[in-house]
J.: 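This structure is in structure tokens; I'll ask about it shortly.
Hydrogens, waters and symmetry mates are skipped; everything else that's a heavy atom, side chains included, is used. For reference, positions follow the sequence shown, starting with 1.
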Amino acid sequence: MIIVNLDIMMAKRKMSLNELSDKTGITLANLSILKNNKAKAIRFSTLAVICESLNCQPSDLLEYKEENHG
């Protein structure tokens, strides 16, 4: 499973969801879906604009964790 660490990067940059939405042009609803790990997919263009706005790399936002099947 892929974890989106958007909340962690926003905290490190001291940026609110509203501020990130203003900078990226991504709606609050879509950012919230990413932040709460409810997203099924993310476009590279979306990832790129978030990385640009937060001055980070995709690897700062995305993390792979094995799912527990048991």
Side-chain angles (χ1 to χ4, degrees):
M1 98 191 273
I2 303 293
I3 306 295
V4 181
N5 291 317
L6 183 59
D7 52 344
I8 294 170
M9 282 310 301
M10 288 172 50
K12 285 183 179 179
R13 301 296 188 251
K14 295 178 173 56
M15 191 178 296
S16 70
L17 209 58
N18 285 327
E19 191 176 350
L20 186 59
S21 177
D22 289 344
K23 280 186 143 197
T24 61
I26 301 169
T27 65
L28 285 172
N30 284 337
L31 286 174
S32 188
I33 288 168
L34 287 170
K35 186 173 172 263
N36 295 316
N37 280 296
K38 303 289 185 201
K40 301 278 188 240
I42 184 169
R43 289 189 174 127
F44 284 156
S45 58
T46 301
L47 189 57
V49 75
I50 291 172
C51 286
E52 181 181 346
S53 298
L54 290 174
N55 190 26
C56 68
Q57 293 295 313
S59 60
D60 296 323
L61 294 170
L62 303 176
E63 177 184 353
Y64 171 75
K65 284 191 177 175
E66 277 193 49
E67 291 188 45
N68 294 331
H69 299 287

J.: Are Leu6 and Leu28 grouped together when hydrophobic residues (ILVMFWY) are joined by side-chain heavy atoms under 4.5 angstrom apart?
T.: yes
J.: Please round to the nearest 0.5 Å and tell me the distance separating atom CE of Met1 and atom CD of Glu67.
T.: 5.5 Å
J.: Assigning hydrophobic clusters by single linkage (Ile, Leu, Val, Met, Phe, Trp, Tyr; side-chain heavy-atom cutoff under 4.5 Å), is Ile3 placed with Met9?
T.: no
J.: Indicate yes or no: at least one non-hydrogen side-chain atom of Val4 is less than 4.5 angstrom from one of Lys35.
T.: no
J.: To the nearest 0.5 Å, what is the distance between NZ on Lys40 and CD1 on Ile2?
T.: 13.5 Å
J.: Tabulate below the donor-acceptor pairs under 3.5 Å that side-chain atoms of residues 18-26 make, not counting sequence neighbours, or state none.
T.:
| unit_1 | atom_1 | unit_2 | atom_2 | d |
| --- | --- | --- | --- | --- |
| Ser21 | OG | Ile26 | O | 2.6 |
| Thr24 | OG1 | Leu20 | O | 2.8 |
| Thr24 | OG1 | Ile26 | N | 3.1 |

J.: For the CG atom of Leu17 and the CG atom of Leu34, what is their distance to the nearest 0.5 Å?
T.: 9.5 Å
J.: Restricting to side chain to side chain contact (heavy atoms under 4.5 Å, CB included), what partner residues turn up for Lys38, sequence neighbours left out?
T.: Ile33, Asn36
J.: Show every donor-acceptor pair shorter than 3.5 Å between a side-chain atom in residues 45-64 and any protein atom, with sequence neighbours excluded, or say none if there are none.
T.:
| unit_1 | atom_1 | unit_2 | atom_2 | d |
| --- | --- | --- | --- | --- |
| Ser53 | OG | Val49 | O | 2.9 |
| Asp60 | OD2 | Gln57 | N | 2.8 |
| Glu63 | OE1 | Asn5 | ND2 | 2.9 |

